[in-house]
Amino acid sequence: MEMTLRWYGSKFDTITLKQIRQIPGVKGVITTLYDTAPGEVWSRERIRAMKEEVAAAGLHVAGIESVNVHDAIKTGAKDRDMYIENYIKTLENLGKEDIHLVCYNFMPVFDWTRTELARVREDGSTVLAYNQKAVDDLNPEKMFDSIAGDMNGTVMPGWEPERMENVKELFDMYKEIDDEKLFENLKYFLEKIMPVCDRYDINMAIHPDDPAWSVFGLPRIIVNKKNILRMMEMVDNPHNGVTYCSGSYGTNLENDLTDMIHSLKGRIHFAHVRNLKFNSPTDFEEAAHLSSDGTFDMYEIMKALYDIGFNGPIRPDHGRMIWDEVAMPGYGLYDRALGAAYLNGLWEAIEKSAK
Ligand SMILES: O=C(O)[C@@H](O)[C@@H](O)[C@H](O)[C@H](O)CO
Ligand SMILES: [Fe+2]
């Protein structure tokens, strides 16, 4: 595996490449062109400039998170082919620039959903948290307003204000879409993009829905082992793979996190590893990465990744806000750096004891 950190680009991130370079064992960043809209073609020039900026800091681009999929593709709208063509052009340009990993998601309307961005924990740190009752009480169209005040002045992925202005129209687009239809539209999209992925050896890594169930009555399909295996079988190509995200699959306590890793062997192209602390099955918060701070056994997760021979990029996921840092919720430097160091430590120990 290769330890990496997510970076949003110098215009958007509070963290610098220099800081990332000083985290032990981190040589790669997972990045994006954050100011592109879903459906836009990424030019080779911009991709190259991004790579050069990263390289100048002594790092390399280990993958893209995300190239977002336009809602016309997810809903199977009339103009989807045009957006798929654009997506293919972006993949082609990434491939030509020697980038071989693309994380994306197929979640309707909202990307991840949380009800609090700064829940205060016992130690005074703040974390993202989710409470089902709070979601049930919320008008989905007001979701953005309810969290916008806690973003620390940043733009959070999937929650861009321009997008959220049209949230009502977005909801309307999904009126006729159920799980089956969403699966069909995903299949259509994947079948169209696989040839370019084959040509440039690009691994597509679908990110699970977070939380891993339907919110606000919207369909959600990338939620459990059964569905993810269905997705891989329906377009059976090794480039059609997954981002294994412990914190997202883990939102549903029925998901067996290590069993899933074994079932996805060979098709996990990217891993997000983080811990959650459950206060009840419908209330959880994002703990430190350390096993004892949350509900998951992080050793078992890393061991399972080791055992299947996982050799792709891995990143610590959302971190707590600690030491008075002001950053994008979940994406500060300090706790993610602690997470990277801890996960590296687990890996080293697993590797050495396997010999
Ligand atoms: O929760 C997060 O911050 C990320 O894991 C997701 O936003 C992820 O980047 C996207 O769903 C992938 O497209
Ligand atoms: Fe994730």
Side-chain angles (χ1 to χ4, degrees), residues 4-9 12-13 15 29-34 36-39 62-71 73-74 87 90 101-117 127-130 147 150-152 154-160 163-164 186 189 203-212 215 218 220-223 228 241-252 255 257 260-261 264 268-276 284-286 289 296 298 301 305 312-321 327-332 335-336 339 343:
T4 62
L5 210 78
R6 188 176 192 179
W7 184 65
Y8 289 97
F12 298 97
D13 212 309
I15 315 302
V29 294
I30 298 293
T31 188
T32 185
L33 293 180
Y34 205 39
T36 52
I64 302 297
E65 178 175 354
S66 311
V67 180
N68 285 317
V69 178
H70 196 277
D71 289 284
I73 298 176
K74 295 181 188 170
Y87 205 98
T90 295
L101 169 70
V102 171
C103 171
Y104 70 105
N105 72 73
F106 221 70
M107 281 178 259
V109 187
F110 302 115
D111 191 315
W112 53 273
T113 309
R114 290 289 175 275
T115 51
E116 291 148 78
L117 297 183
V127 295
L128 286 80
Y130 184 93
I147 64 168
D150 291 328
M151 292 185 179
N152 292 340
T154 63
V155 176
M156 299 190 64
W159 294 91
E160 298 79 6
R163 233 178 104 71
M164 288 302 121
L186 176 58
F189 168 66
N203 285 327
M204 294 301 296
I206 197 166
H207 191 278
D209 303 350
D210 186 0
V215 283
L218 292 163
R220 301 266 241 178
I221 53 177
I222 308 302
V223 292
I228 193 78
V242 310
T243 298
Y244 174 83
C245 176
S246 62
S248 300
Y249 283 123
T251 55
N252 185 342
N255 281 333
L257 293 179
M260 285 179 88
I261 293 174
L264 297 170
I268 300 180
H269 297 317
F270 183 29
H272 292 176
V273 183
R274 70 176 146 95
N275 203 350
L276 296 176
F284 61 80
E285 56 202 40
E286 298 182 350
H289 287 71
F296 306 151
M298 305 307 281
I301 290 171
L305 286 169
I314 191 169
R315 68 169 181 83
D317 212 342
H318 302 171
R320 302 163 304 146
M321 219 38 81
M328 185 191 296
Y331 287 100
D335 202 41
R336 286 190 301 148
L343 298 176

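Atoms within each ligand, like the ligands themselves, are counted from 1 in listed order. A quick note: this is a predicted structure, and the numbers were derived from the prediction, not measured.
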Check: [X] side chain, [Y] main-chain N or O, donor-acceptor pair, under 3.5 Å:
| X | Y | value |
| --- | --- | --- |
| Arg336 | Arg315 | no |
| Asp209 | Pro211 | no |
| Thr251 | Ala212 | yes |

Between Glu286 and Arg320, is the closest basic N to carboxylate O distance under 4.0 Å?
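Looking at Arg320 and Glu286, the cut-off is not met.
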Strictly below 4.0 Å, N to O, side chains only: are Asp210 and Arg114 in salt-bridge contact?
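So Asp210 pairs with Arg114 through a salt bridge.
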Between Tyr331 and His318, is the ring centre distance below 6.0 Å?
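Yes, the ring centres sit under 6.0 Å apart.
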What I want to check is whether the side chains of His272 and Glu65 have a donor and an acceptor closer together than 3.5 Å.
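There is such a pair between these side chains.
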Could you measure the distance from the SG atom of Cys245 to the CG atom of Asp317? Nearest 0.5 Å is fine.
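It comes to 4.5 Å.
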How many angstroms lie between CD1 in Ile30 and CG in Leu101, if you round to the nearest 0.5 Å?
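Here the rounded value is 5.5 Å.
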At less than 4.0 angstrom from any atom of ligand 1, which residues have a non-hydrogen atom? List them by chain and residue number.
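Residues Arg6, Glu65, Ser66, Cys103, Tyr104, Asn105, Met107, Asp111, Trp112, His207, His272, Arg315, His318, Tyr331 each place a heavy atom under 4.0 Å from ligand 1, listed by chain and number.
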Quick one: name the protein N/O/S atoms under 2.8 Å from the Fe ion (ligand 2), chain by chain.
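Protein N, O or S atoms closer than 2.8 Å to the Fe ion (ligand 2): His207 NE2, Cys245 SG, His272 ND1, Asp317 OD2.
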